[in-house]
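Below, chain A is the first sequence line, B the second, and so on; all start at residue 1.
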Amino acid sequence: MLDLNFVRDNLALVEEKLRQRGMNPAEVLKDFQSIDSERRLAITQTETLQARRNKASEEIARLKKNKEDASALIKETQDLRGQIQEGEKKAADADARLREILTALPNLPHTSVPVGTSEQSNVEARRWGTAPQFDFTPKPHWELGEQLGILDLERAAKLSGARFAVYWALGARLERALANFMLDLHTREHGYTEVLPPYMVNSESMYGTGQLPKFAQDLFRVPHGEKDLWLIPTAEVPVTNLYRDETLDAAKLPICLTAYTPCFRSEAGSYGKDVRGIIRQHQFQKVELVKFSRPESSYDELEKLTHNAETVLQKLGLHYRVVTLCTGDMGFSAAKTYDIEVWLPGQNLFREISSCSNFENFQARRANIRYRPEGKSKTELVHTLNGSGLAVGRTWVAIVENYQQADGSVRVPDALQPYMGTDCIKARSM
RNA sequence: GGAGGGAUGUGUGAGCGGUUGAAACAGUCGGUCUUGAAAACCGAUGUACGGGAAACCGUACCGGGGGUUCGAAUCCCUCUCCCUCCGCCA
């Protein structure tokens, strides 16, 4: 959420940034200004009445202490209550309408973000490695997976429907090996602390990271008594919300956490997109990196976090590129985002495997996550960041497609062999 | 599911319906002292919103919501969460 005072004082800038995101400011800002002044008027009026009541109450207390008669003053103050309640209602109503506008506003893009309306305007920041060369036509992972007997989409459909997968044998082990490899790398070499959070969260948590109220249609909702729970679409949600409504110790910043969790996405509106293979699933597993940072160093932390994610690909020997998302292609809560795209020879394209973002204080304001800067008495909002490190399902795809051999088997990259216990994935015998 | 107990500021933890935005201690920051540090002592230390150029003033907030009252951290109702005991359970 953006700061109310900031929006009021910098309306022209906010409108410009919204336009850069491809939004119509007149539409999303609606009657911001008139509701804002309506709200402030109601607050001023109500507070004047409250001040009068408080003064009178003090006087009554004084009179009673001296055993004097206060009945006249009490009578006078009695009808103030109705007026105050009325004023409070008016203020609360205006506040709710203002909040509705405010919570629907996306974060403002950082000045370093390229301006553009679609992914066409994304800018490639760098490229690592080279695409593997084959003396045969490389196959897509769904063909390889099926031939090897390690990926079973047909039975997954029987169990759950489209966009689910069953992994068998070395296919299942590959998923587990990748997760362990990534977690070990981030905890042992990159300084992250591993956490294992709940996979279902309440609405407050979804609100804190920005999924609610706008994007309920992308989530799986679980009915539970009076209040519903939600399946997490990414570990970002529970991990960032760990510190909701808390004031963090400045000396401990940046706090770097990593979590391996399943992610559940309804993928509403993506019918006909990525229908083959396991690129787009209702459930996939992901190792997530989350940081809580001081504001002044959050962009350095974004670079580090992105490199931490890239290291996974480098150690696995997978060709990739890093792309800076343009203003029109960024997510709702992000101020700046790098996508890491891995090369998939079976499909002859780069495919997103990680998305690393700085949210500045957008999530921290919603979730009320603060710290106290040294030498200051006031607390300030932290900056939150996160990125995939990496999406395990898509890494599985990348391994299978990039390390496929002419006979249909898959070579296991060196870094992964200790975790796999073998150097080659061959067709499953049973 | 049944019976009790609790939720207060950065933390621990006081708080007869009326100068309690809130004791005390710890923490943090500033100062005195010291060659330096520690200790000791002194002082300052919540958030949000509104008004104001500012100094500052006002209002709200003691888990959430509602009520009683001229006045609620304090009394009543309700919800949530935590703890103890019983039952069930991987």
Side-chain angles (χ1 to χ4, degrees), chain A residues 1-9 32-103 196-208 223-230 238 241-253 255 292 294 361-362 364-382:
Chain A
M1 188 165 68
L2 300 177
D3 179 45
L4 170 62
N5 293 309
F6 180 86
V7 176
R8 181 189 300 139
D9 297 340
F32 175 83
Q33 279 178 306
S34 64
I35 296 172
D36 182 47
S37 36
E38 194 182 316
R39 169 177 170 275
R40 284 194 283 174
L41 182 66
I43 288 174
T44 308
Q45 287 175 342
T46 308
E47 289 188 349
T48 308
L49 293 172
Q50 285 172 324
R52 210 196 299 168
R53 181 199 60 193
N54 289 347
K55 279 272 181 297
S57 289
E58 248 174 72
E59 180 65 10
I60 289 165
R62 203 183 56 77
L63 288 172
K64 288 206 164 180
K65 210 173 223 172
N66 298 338
K67 306 258 190 255
E68 291 176 52
D69 178 38
S71 57
L73 199 51
I74 289 176
K75 200 155 191 197
E76 203 182 306
T77 356
Q78 259 162 354
D79 38 301
L80 268 179
R81 187 147 52 116
Q83 294 179 49
I84 289 171
Q85 282 179 340
E86 205 176 300
E88 278 175 339
K89 218 182 137 209
K90 255 165 68 180
D93 174 66
D95 193 70
R97 281 184 291 152
L98 200 63
R99 209 178 163 73
E100 201 176 304
I101 294 175
L102 227 45
T103 55
L196 199 161
Y199 303 155
M200 290 188 274
V201 298
N202 56 29
S203 299
E204 288 77 8
S205 298
M206 285 296 183
Y207 177 87
H224 181 252
E226 297 286 299
K227 290 162 101 189
D228 293 345
L229 290 171
W230 306 84
N241 277 281
L242 281 174
Y243 293 122
R244 174 149 51 86
D245 292 321
E246 292 193 31
T247 302
L248 303 174
D249 183 357
K252 296 213 167 82
L253 297 177
I255 295 172
F292 303 83
R294 296 163 190 273
N361 63 21
F362 188 86
R365 182 171 295 106
R366 287 175 163 241
N368 189 29
I369 307 171
R370 306 178 159 271
Y371 80 109
R372 189 182 307 278
E374 287 88 344
K376 295 232 176 94
S377 64
K378 280 198 170 261
T379 57
E380 278 178 30
L381 297 167
V382 299

Any [X] side-chain N or O less than 4.0 Å from OP1/OP2 of [N]:
X	N	answer
Asn54(A)	A60(B)	yes
Arg53(A)	A60(B)	yes
Arg81(A)	G67(B)	no
Arg62(A)	U19(B)	no
Asn5(A)	A48(B)	no
Arg39(A)	G50(B)	yes

Discussion item. Under the side chain to side chain contact (heavy atoms under 4.5 Å, CB included) test against Ile84(A), which residue among Glu86(A), Glu88(A), Arg81(A) passes?
Written reply: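 The option that passes is Glu88(A).
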Discussion item. Going by side-chain hydrogen bond (donor to acceptor under 3.5 Å, both in side chains), name the residues that satisfy it together with Asn66(A), two or more places apart in sequence or in a different chain.
Written reply: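 Asn66(A) satisfies side-chain hydrogen bond (donor to acceptor under 3.5 Å, both in side chains) with no residue once adjacent residues are dropped.
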Looking at [options], which one has an atom nearest to any side-chain atom of [X]?
X	options	value
Thr247(A)	G50(B), U10(B), U59(B)	U10(B)
Ile43(A)	C49(B), C70(B), A48(B)	C49(B)
Ile60(A)	G18(B), G50(B), C49(B)	G18(B)
Lys64(A)	A60(B), C70(B), G50(B)	C70(B)
Arg40(A)	G51(B), A60(B), U10(B)	G51(B)

Practice prompt. Mark yes or no for whether Asn241(A), through its side chain, and Arg244(A), through its backbone, hold a donor-acceptor pair below 3.5 Å.
Written response: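 Here the side-chain-to-backbone pair does not exist.
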Discussion item. Under a 4.0 Å threshold between the charged nitrogen and the carboxylate oxygen, would Asp93(A) count as salt-bridged to Arg97(A)?
Written reply: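 Salt bridge flag = yes for Asp93(A) with Arg97(A).
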Worksheet item: Rounded to the nearest Å, what distance is computed from the CD atom of residue Gln50(A) to the C1' atom of nucleotide C57(B)?
Response: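 Going from Gln50(A) (CD) to C57(B) (C1'), I get 15 Å.
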Worksheet item: How is the base pairing of RNA chain B summarised as a dot-bracket string, given the Watson-Crick and G-U wobble criteria with both distances under 3.5 Å, [ ] for crossing and | for another strand?
Response: ((((((((.[[[..)..(.....]]]((((((.......))))))((((((....)))))).[[[[[..)....]]]]])))))))....
Worksheet item: Side chains of Asn368(A) and Arg370(A): donor-acceptor distance under 3.5 Å anywhere?
Response: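 Side chains of Asn368(A) and Arg370(A): pair found under 3.5 Å.
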Discussion item. Would you say Ser205(A) and Asn202(A) are linked by a side-chain donor-acceptor pair, where the criterion is simply a distance under 3.5 Å?
Written reply: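 Ser205(A) and Asn202(A) do have a side-chain donor-acceptor pair below 3.5 Å.
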